Structure formats: structure tokens, C-alpha cells
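Proteins come first, then strands; the chains are lettered A, B, ... in the order of their sequence lines, and each starts at number 1. Computed from a predicted model, the values in this text were never measured in an experiment.
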Amino acid sequence: MKPVDEKLAKSFGLNAGEYAKVLEIMGRVPSFTELGIFSVMWSEHCSYKSSRVWLKELPTKAPWVIHGPGENAGVIDIGEGMAAIFKMESHNHPSFIEPYQGAATGVGGILRDVFTMGARPVANLNALRFGDPKLPVTKRVVDGVVRGIGGYGNCVGVPTVGGEVNFHPAYNGNPLVNAMTVGIAAQDKIFLSAAAGIGNPVVYVGSKTGRDGIHGATMASTEFDASSEEKRPTVQVGDPFTEKLLIEACLELMQTDAIVAIQDMGAAGLTSSSVEMAGKGGVGIELNLDDVPQRETGMSAYEMMLSESQERMLLVLKPERSEMARQIIEKWDLDYAIIGHITDTGRIVVMHKGMVEADIALAPLSDAAPLYRRPYIEAPKPEPLGPVSSDMSLEAALLKLIACPDLCSRRWIFDQYDSTVGGQTVKRPAESDAAIVRLEGTNRALAITTDCTPRYCVADPEQGGAQAVAEAWRNITATGAKPLAVTDNMNFGNPEKPEIMGQFAGAIKGMAAACIALDFPVVSGNVSLYNETEGKGILPTPAIGAVGVLEDAALARGIAIAPGQDLVLIGATYGELGRSLYLREICGLETGAPPVVDLAAERANGDFVREQILQGNVAACHDLSDGGLLVAVTEMALAGNTGADLTQADTTPAFCFGEDQARYILAAEDAEPLLTAAFAAGIPAQKIGHTTIDECLTLPGGVAISLSILREANEGFFPAWFA
Amino acid sequence: MRAGILLFPGINRERDMVLAVRQSFGTEPRIVWHKETDLTGLDLVIIPGGFSFGDYLRCGAMAAQSPVMRAVRDHAARGGYVLGVCNGFQILTETGLLPGALLRNAGLRFLSMDTMLKVERNDTVFTAKYAKGEVFRAPMAHGDGNYTADEATLDRLEGEGLVAFRYHDENRNGSARAIAGVYSPNLRVLGLMPHPEDLVDPLMGGTDGKPLFDSLAAA
């Protein structure tokens with residue numbers, strides 16, 4: 001074993017200052033295992049050392065928030081004594097090195113964060129960003145990630161009901177895989193991680209520990225370079241079958257009163273779970289690694305403490321209930337082992353083969369963790385977009401837009417995900433702006449979405465951060481649901497670069513403003529930094545996952561139109577083409593300022609739309625976002641296999657493809673009552689056309705395109721790519 | 001009719017099945033753990049979908065060796081009713097209660113979408129509430145639904161009227177003769193790949209699957 005010194009600390013990811021702090025806390029040179037514990041606990045991934053000061057700016061409270069950030073996942077009140085428990089988490093770095101397993105274990109990890117709190121997972125979503133589709137590597141990564149998400153999610157029996165996919169060359173070396181899980185629990189049956197009860201047994205449940213994923217958290221805290229391929233062994237391997245057993249075993253055990261505290265072994269495995277549980281409870285913990293179930297021989301204390309083997313949980317049990325707990329766990333064919341106990345020392349003591357391998361005071365390990373207010377440069381405000389022109393007809397532009405990788409149908413992807421298991425999926429992928437999942441045994445449903453528009457964020461991080469939150473809120477609103485809370489997944493480049501920190505700070509500022517204006521607190525989240533390869537960073541991507549509730553699931557609206565309906569545009573249109581997909585795909589430019597996010601208009605327009613839906617005045621609803629109005633109407637027409645006539649609408653590209661925010665298209669049997677109500681409420685509204693019985697979309701100005709041609713263009717990309 | 005739903009480790013559509021049975025039967029099905037061996041009192045044994053034992057050896061192969069399957073064989077031999085859906089169908093072929101096997105889908109990808117099924121006959125306890133030749137919608141969600149058997153077996157199944165359902169719109173998984181479900185010779189054991197239990201509530205998009213459970217409830 002190498003001598004413990006500053007050089008070794010550096011190879012573990014600790015800089016000289018951080019190592020000096022370790023020496024100060026320990027009062028001696030730490031052991032190899034102790035250094036390993038410090039390095040993972042103080043990694044960016046576990047300590048949030050670069051982001052913590054900024055995350056504090058986000059609003060986290062509301063009357064319906066039961067547990068905000070700080071627990072394994074956020075918990076909100078969804079009525080009738082039930083709670084929704086949810087979080088989104090990245091698995092970016094592993095998914096580049098090994099796409100299938102990286103994505104699969106991303107799903108597994110976020111599931112555990114949710115069921116560890118007592119919730120049955122009822123929905124998975126994923127927000128994915130990939131590089132240039134022209135590159136062979138992108139195809140390989142897309143294929144592996146989609147198969148990995150499906151392979152894991154389908155097997156555990158949690159429906160994958162939604163998500164988003166973008167492509168951009170900035171993700172060539174750093175795809176983003178952000179997985180979100182939503183679970184349901186009774187409000188009086190929520191389990192937390194703070195350990196308590198001196199002498200209580202510490203119990204290990206789940207898969208055996210191997211050497212996989214050692215230092216995964218550290219890997220996730222550095223940039224990539226040519227040697228990244230060598231890090232393949234740090235990617236874990238997922239076993240969804242064991243995860244399924246773990247879900248059922250834990251939920252069965254949670255029906256009893258045996259559990260004092262519970263936490264999954266995620267990043268930094270046994271180290272972070274034991275340190276966090278004991279730390280939060282203000283107690284100490286002693287572990288005897290001889291009793292850890294192991295799947296390889298000759299593992300050292302260091303390897304066991306840092307392994308990120310999947311599908312493992314750590315529990316503190318009431319001693320008199322431990323035998324009953326053992327029976328439940330073993331009924332599900334899972335390993336159950338008492339590997340230690342809670343102490344009153346305030347220290348973590350790790351024993352192995354009769355030797356003390358680590359003995360660290362817990363308080364300084366967490367309290368003295370590095371905290372950086374890194375220097376940042378605010379992103380310069382982009383110049384507004386000047387006049388743009390294109391010779392392309394509306395018809396040709398629309399066909400090109402709906403066929404491009406960022407706007408084409410995602411059917412090829414979601415057809416590989418089981419979206420109906422559980423029997424509660426009211427709206428499946430692409431049927432509505434947010435997925436709708438009923439709460440079993442009630443009339444209520446959750447509306448769930450993920451959103452972010454990175455091309456806006458790179459131009460103006462503040463507007464982009466606000467837009468991501470606003471779009472998530474809008475997508476939930478468009479179904480008729482009341483938006484309740486947010487989980488955020490902050491994906492950025494190297495925080496040691498002031499311009500990257502400036503992007504982060506700007507995004508947080510915009511998100512905070514939007515969350516406050518929309519009563520949409522952040523209850524959980526995850527930060528992924530160092531998304532850079534060879535010094536090139538990704539587009540700043542503050543992905544937002546959001547949850548809302550509908551009291552009557554039958555009122556949920558989808559996007560499909562039907563014959564005999566008027567189409568009404570809600571919200572003001574100024575024709576914002578800056579950073580739009582029209583600009584990029586048709587004019588070949590990625591310039592200008594992104595659309596302005598007017599939070600007061602968002603709120604007013606959205607509240608109006610929701611009210612109209614709940615009053616039964618709306619047959620279908622779709623928010624306007626990527627691609628603007630014509631793309632939205634095309635999606636509504638294809639979803640309903642129904643034509644629409646927009647002959648009388650404005651023919652300018654700015655009206656047809658502008659990406660102005662705070663807008664919706666409503667379909668209703670009669671536009672008049674909607675227009676009257678909107679006028680009374682001071683909400684901009686105009687009739688833009690009506691649906692038809694012929695299967696054509698008639699564009700502003702009168703050119704008609706058959707739905708079959710539109711469908712062919714929209715459905716073509718993925719099947720052709722993977723043919 | 002008294003129904004029991006088998007639960008193997010890794011099964012994941014048992015909750016969907018409970019809802020469908022509860023709705024049509026008006027009674028609560030009994031959940032039977034795979035290590036149980038007594039099926040006394042059950043008229044209908046249902047094996048739901050999922051990934052029993054992770055599908056790690058071969059879909060359904062491990063579950064076919066579970067203690068409860070000996071009791072299921074006895075139940076079938078006594079003329080009891082058995083319904084296997086998706087992984088349940090795979091388990092029934094692995095057990096030998098139904099002929100043939102389910103291979104990887106022809107395109108080697110998991111397929112999750114609605115499919116249209118044609119009812120080949122409506123004089124069975126499972127299909128009495130459908131019309132003969134009726135086409136109904138059912139979600140499918142499987143990686144291994146490509147039904148196969150030797151030509152002689154396929155000819156026999158067709159000759160004896162033991163094909164229960166065929167894919168009517170598109171044979172996406174590549175099944176021989178577009179077979180989606182088959183009966184045992186006494187028409188009391190049915191296995192099929194798609195999930196009628198996930199389409200029994202208008203809120204979930206339709207009730208196309210409900211007649212199958214109503215048929216059983218009325219038997």
C-alpha cells in the first residue's frame with residue numbers, strides 16, 4: 001500500500017489545502033482507509049463544496065413542503081394523507097464511459113433515494129442530452145443509455161412515463177443522463193436517515209459488496225481526458241432484479257415498527273451512508289467489516305468502505321425487532337447482516353480483522369468539509385437578435401423543423417420503456433405536456449415533467465434558469481394540474497473557471513426568481529460539475545423535474561385535438577426568434593438573446609388556463625415551447641390524427657416559429673366563452689383557427705400539408721438512425 | 001370464480017392484475033407466494049407479468065422450478081383454469097403447460113406500445129364476452145415475446161383451434177403465424193403476451209381488456 005502523504009491525497013482528489021485540513025482534524029497522518037473516507041466525503045459530488053453557497057439562494061419552503069433539501073429526496077403533501085417523494089439525480093460521467101450500465105445504475109440509484117424514505121416508486125422520468133447525432137459515438141451512447149434505462153426500469157416494474165432529449169455538439173464528450181423518480185407514501189410513514197439509539201444494531205441489506213465503483217464519487221468530480229477510458233472499472237454494474245427485491249423487502253419491513261433510520265448506499269457507498277446517518281443523528285457508529293457480505297475475496301477495509309456496489313441499504317433497527325426484520329429480508333432472498341452498532345462517541349470507528357482501520361470524529365468530517373465561494377464572472381448579456389431572413393417557405397421550414405433531432409418524435413425511445421406497468425398511467429409519453437399517473441385507490445393524479453432549454457441557458461444563464469422552471473410549471477399547468485414543487489439537477493462544467501461559476505450563479509438567480517414567483521419551491525436536487533472533456537464544457541443545463549397534483553384525474557387534458565374545435569392562443573406573441581430552433585435549423589444561427597421570461601405573465605396566463613381546464617371549458621391544451629406555434633399545432637394534430645386550419649393566422653416566421661414564453665394553445669368546442677373570460681381577466685387571447693375533418697394542416701396563408709406527410713417527417717429520424 | 005395470483009420474486013404486474021380481477025370479480029384475489037404449495041379453493045390461477053428471478057437464466061425458466069408450480073400442474077391436471085400473461089405465459093411454456101417458447105423480439109429491442117389482438121374463438125371461458133373475430137387493443141411490454149414452435153406443433157395448434165389471439169395490426173415481435181396467445185388442449189389454460197389487465201379502466205385509455213376478466217367472472 002502506498003504511503004499516505006500529500007501526493008497520495010492528490011491522487012484521491014484532495015488538494016494540498018484540503019489535505020492540510022485532514023492532518024489538522026486527525027492530529028496525525030491518517031491511515032489509507034481514513035484518507036479514502038475523507039476524500040470521498042469531501043469530493044464535489046458528496047460535499048457540494050463549490051455549489052453550496054449558491055444553492056442556499058433557492059426557495060425551499062411552502063405550506064405543502066414536508067421535507068425539503070437535506071433528506072434523501074424531497075417530500076410534499078399531495079392531499080388525502082399522502083405524500084409525493086421525489087428527486088432527480090445525474091449519472092453523467094458513468095454514462096459516457098459505459099452507457100448501458102451508467103444509465104441503468106442511474107435509474108437504480110434514484111429509485112433507492114425515493115423508496116428509502118418509505119415511498120413506493122410510481123414513475124420514472126429521464127432528462128437526456130447527447131452530442132452531435134452525426135458522430136458514431138453519439139449513436140452508441142444513445143443506444144446504450146436508452147437500453148440501460150429500459151433494462152433497469154422495465155425490470156423493476158416502475159413505469160417510465162416521460163422525459164426529454166436534446167442534442168448539441170457541446171455534449172459530444174459529456175452526455176447528460178438525469179434520472180428522476182417519484183414515489184408515494186403515507187404522510188405518517190415517512191422514513192428518515194438520522195441514526196439514534198445507543199447500542200442499536202446497524203444492519204446491511206441487499207447485494208454483496210464487490211470492488212466495483214471504488215472512487216466513483218471522485219471520478220464524478222473531475223474532468224475527462226484521454227485516460228477516461230481507463231476508468232471503466234469505476235462504473236458500477238446494475239442488478240434490477242435485486243433492486244426489485246430490495247424495494248419489496250424494504251416496503252414490507254416499513255409496515256412494521258422495526259426501522260429507526262434507513263439510507264441507501266449510493267455514491268461513496270458504506271462511507272457516506274454510515275457517516276451521514278450517524279452525523280445527522282449526532283451519535284457515533286462502529287462498523288466491523290468482517291461481517292459485511294462480500295462477493296470477492298481479500299477485500300481491504302479501504303475497498304469495502306469506498307465500494308459503490310449497487311442495490312445495498314444501511315439500516316438502524318430496534319434491537320428487539322431485528323430478528324423479525326431478518327426474516328422479512330431473507331424471505332426476499334437478500335443478504336442481511338448486522339455489521340455494527342450505534343455509539344455515543346460521535347466518531348466513526350471501522351474495524352477489520354481485529355484492527356482499527358479508521359477512527360474519525362464525525363463533526364469535523366462534515367462541518368469542516370471544504371466550502372468554496374469560487375470566483376465567478378457574470379455571463380455577458382447577449383446582444384438582441386437583429387432582423388433575420390430566410391427564403392424558405394413556411395411549409396418547408398415546418399417540415400424541416402419537425403424532422404430535426406431536437407423536435408422529432410421520441411417514439412423510438414419511449415417505445416422501449418414500459419410506461420403502463422402499475423396500471424395507473426392516465427397519460428402516456430407524448431399524450432400530454434406532463435405525464436399523468438393516478439394515485440391508486442383515489443381519483444387524484446400526479447402530473448410530472450422534466451424541462452430545460454440549454455441553448456437559452458448558454459446565452460443568458462439567468463433567463464435560461466428562469467425559463468427551465470417556468471416551462472416545467474407550464475407543462476404541469478397545461479394538463480390542468482396544480483404545480484407544487486421542483487427537484488433540480490444542475491449540470492455544469494468546471495467550477496474552478498470563473499465563467500462556469502458565473503453560469504451557475506446566473507442560473508440559480510433565474511431559477512430562484514421563477515420559483516418564488518410561481519410558488520414552486522425546490523425540495524431536492526443534485527449538482528454535477530466538471531462536465532468537461534479536454535477542457536471543453538457542456539451547455540449549462542439546470543434540468544428541472546417537477547410535480548403537480550390533480551384532484552380529479554378525469555379532468556387531465558392531453559394535447560390531442562378532435563374535429564369540431566376552435567384553437568385559441570393564450571399569451572402575448574412578440575415573435576422572439578433569438579436562440580430559437582427556427583434560427584438554428586433554418587437560418588443556421590445560434591445567436592441573439594433567448595425569449596424573455598415574464599414571470600407575472602407566466603403566472604397570470606397559467607392560472608387562467610388551469611382554471612378554464614378545471615371548469616371543463618378546454619378539450620385539449622399544449623404549451624408553446626421549442627419550435628413555437630406551428631410545431632405545437634402540428635403535434636396536437638398528429639396526436640389527435642385531426643386536421644387544423646390556420647389560414648387566417650399571421651404568416652411571419654416570427655409568429656409561426658417564435659418561442660415567446662407564457663403561451664398555450666387551447667382547443668375548445670367554442671372559442672367565444674374562452675375569449676370572453678380571457679378578456680375579463682386581462683389575459684391576451686386570440687382565435688388562431690379551428691380543427692377540420694380533412695386530414696390536413698392548413699398553414700397561415702392557406703398552404704395545406706397532409707397529416708401523413710407531417711407524420712412521416714416527424715417520425716422519421718430515430719428509426720432511420722437506428723435502421 | 002375464486003382467483004389466486006402467483007407471486008414470484010421479480011414479478012411486477014401483480015398489482016395491475018389485482019385491480020382487473022377485483023373490478024370484474026367483485027372479490028379480492030388471493031396472493032400466492034411462490035413457495036406455497038396448496039392451491040385448494042382456487043378455481044383460477046393467474047401468473048402475472050414481470051421479470052421472475054430477473055429473467056436471468058431464460059425468461060420463466062427459474063420460476064418454472066418454484067415449489068408452487070408443481071401445485072399449478074396438479075391444478076391444471078384437475079381441469080382448473082390458468083391464465084399466464086407475459087412473463088406468466090413464458091413460465092407456462094417453460095413448465096410445459098403450454099407448447100412452444102418465447103424468444104427475443106425479432107428486432108432485439110424491448111417493445112412497449114399498444115397492439116391490436118384478434119379473438120380467434122369466443123367459446124372459451126376466457127373470451128366469451130368478446131365476439132369471434134373481434135379486434136381489441138392491449139398494451140404490450142416485453143423483450144421476449146417472439147412465439148415459436150416447430151411447424152408440426154403450429155399446424156396442430158391451428159388445426160385444433162388452440163390459437164387464442166393473433167396480432168392483427170403488426171406482428172412486431174416476429175411471432176410465428178402472428179400468434180399472441182395459445183390455449184391448452186382442454187381450453188382451460190391460456191397464455192398471452194400483451195396485457196389486457198392494463199386496459200380495464202376508461203381513465204387509463206380504454207376498457208378493451210375488461211371483457212376477458214368479465215368472461216372469467218361469469219364462468
- prompt: Which bit of P9(B) is near chain A, if near means a heavy-atom gap under 4.5 Å: side chain, backbone, both or neither?
  reply: both
message: Given heavy-atom pairs under 4.5 angstrom as the criterion, report whether the side chain, backbone, both or neither of R147(A) touches chain B.
response: side chain
query: So, D415(A) and R172(B), do they make that salt bridge, N to O below 4.0 Å?
result: no
query: V146(A) and R109(B): side chain to side chain contact (heavy atoms under 4.5 Å, CB included), yes or no, with the steps?
result: CA-CA 10 Å; V146(A) 170; R109(B) 288 187 188 277; 5.6 Å; no
statement: Honestly, the part of D55(B) sitting under 4.5 Å from a heavy atom of chain A is neither
message: Under a 3.5 Å distance rule, please check whether N12(B) uses its side chain to pair with a backbone N or O of C155(A) as donor and acceptor.
response: yes
- request: Sequence neighbours left out, what passes ring-ring contact (aromatic ring centres under 6.0 Å, His included) with W332(A)? Give chain and number order.
  value: W33(B)
query: Is the count of non-hydrogen atoms from other residues, nucleotides or ligands lying under 6.0 Å from R70(B) atom CZ greater than 12?
result: no
field: Criterion side-chain contact (heavy atoms from CB on, under 4.5 Å) against T420(A), the qualifying member of E197(B), R13(B), M140(B), M113(B)
entry: R13(B)
field: chain B contact via K331(A) - side chain, backbone, both or neither, heavy atoms under 4.5 Å
entry: both
- request: With a 4.5 angstrom heavy-atom cut-off, could you sort out which part of L203(B) is near chain A: side chain, backbone, both or neither?
  value: both
Contact class of Y56(B) relative to chain A, heavy atoms under 4.5 angstrom: side chain
Straight-line distance of E248(A) CD to L7(B) CG, nearest 0.5 Å: 7.5 Å
statement: Of all heavy-atom pairs linking P139(B) and R428(A), the shortest is CG-NH2, 3.9 Å
- line: Expected contact set for residues 551-562 of chain A against chain B at heavy-atom separation under 4.5 Å reads A553(A), A554(A)
- prompt: So do the side chains of L111(B) and Q416(A) get within less than 4.5 Å of each other, counting heavy atoms only?
  reply: no
- prompt: For atom NZ of K189(A), is the number of surrounding heavy atoms from other residues, nucleotides or ligands below 6.0 Å larger than 12?
  reply: yes
- line: Heavy-atom nearest pair, G423(A) first then D198(B), reads CA-OD1, 3.5 Å
- prompt: In terms of heavy-atom proximity below 4.5 Å to chain B, should S419(A) be classed as side chain, backbone, both, or neither?
  reply: both
- request: Verify the neighbour count for atom CD of E712(A): are there more than 12 heavy atoms of other residues, nucleotides or ligands below 6.0 Å?
  value: no
task: Counting only heavy atoms closer than 4.5 Å, note whether L199(B) contacts chain A via side chain, backbone, both or neither.
output: side chain
statement: On a heavy-atom basis, the closest approach of F51(B) and N154(A) is CE1-O, 3.3 Å
task: For the pair D16(B) (side chain) and V421(A) (backbone), establish whether a donor and an acceptor sit closer than 3.5 Å, ignoring hydrogens and angles.
output: no
message: As an exercise: rank V158(A), I436(A), T425(A) by heavy-atom pairs under 4.5 Å with chain B and give me the winner.
response: T425(A)
message: Can you confirm whether K139(A) is buried at NZ, in the sense that more than 12 heavy atoms of other residues, nucleotides or ligands lie under 6.0 Å from that atom?
response: yes
query: Within residues 83-107 of chain B, which positions have a heavy-atom distance to chain A below 4.5 Å?
result: none
query: So E440(A) and V18(B), side chain to side chain contact (heavy atoms under 4.5 Å, CB included) or not? Walk me through it.
result: CA-CA 12 Å; E440(A) 193 182 320; V18(B) 167; over 6 Å; no
- request: Can you tell which part of V156(A) gets under 4.5 Å to a heavy atom of chain B, answering side chain, backbone, both or neither?
  value: backbone
Leading residue by heavy atom contact count with chain B [cutoff under 4.5 Å; candidates G150(A), G422(A), G151(A)]: G422(A)
field: Most contacts with chain A, counted as non-hydrogen pairs under 4.5 angstrom, among P202(B), G205(B), G10(B)
entry: G10(B)
message: Can you list the residues of residues 239-247 of chain A that sit under 4.5 Å from chain B, counting heavy atoms only?
response: D239(A), P240(A), F241(A), K244(A), L245(A)
